[in-house]
Amino acid sequence: MEPSTFIGSSIFLYIVAFIAVMVVGGYLTYHISPKRKQRLASKRRKDDIK
């Protein structure tokens, strides 16, 4: 394998890995944050009742 081909494929793999991390991070953030907001809202309601 030529060095230039190896460098190009490694850069491509880094880009694919970066996109995969961003997708997983976005997915987790999207699915965790509504639950967190709901917990904070319910906690606020309990504090208001007291």
Side-chain angles (χ1 to χ4, degrees):
M1 192 189 300
E2 293 180 19
S4 61
T5 308
F6 178 74
I7 291 170
S9 64
S10 64
I11 290 172
F12 176 76
L13 288 175
Y14 279 120
I15 292 170
V16 169
F18 177 76
I19 291 171
V21 168
M22 294 298 287
V23 167
V24 170
Y27 178 81
L28 290 176
T29 303
Y30 176 77
H31 281 277
I32 290 171
S33 66
K35 293 177 185 173
R36 192 168 143 254
K37 288 177 186 172
Q38 197 173 29
R39 278 200 304 268
L40 290 174
S42 65
K43 185 179 178 187
R44 255 188 244 118
R45 273 190 238 111
K46 287 179 186 174
D47 290 345
D48 290 343
I49 292 170
K50 290 180 183 176

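For the numbers below, each heavy atom of this structure counts, side chains included, while hydrogens, waters and symmetry mates do not. When a residue number appears, it is its place in the shown sequence, counting from 1.
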Subject >> Same apolar cluster: V16 and V24, side chain cutoff 4.5 Å >> reply: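 No, no single cluster joins them.
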Original post:
According to a 4.5 Å side-chain heavy-atom criterion applied to Ile, Leu, Val, Met, Phe, Trp and Tyr, with indirect links allowed, do Y14 and M22 form part of one hydrophobic cluster?
Top reply: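 No, Y14 and M22 fall in different hydrophobic clusters.
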Subject >> Partners passing side chain to side chain contact (heavy atoms under 4.5 Å, CB included) against L13 (at least two apart in sequence or in another chain) >> reply: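 L13 satisfies side chain to side chain contact (heavy atoms under 4.5 Å, CB included) with no residue once adjacent residues are dropped.
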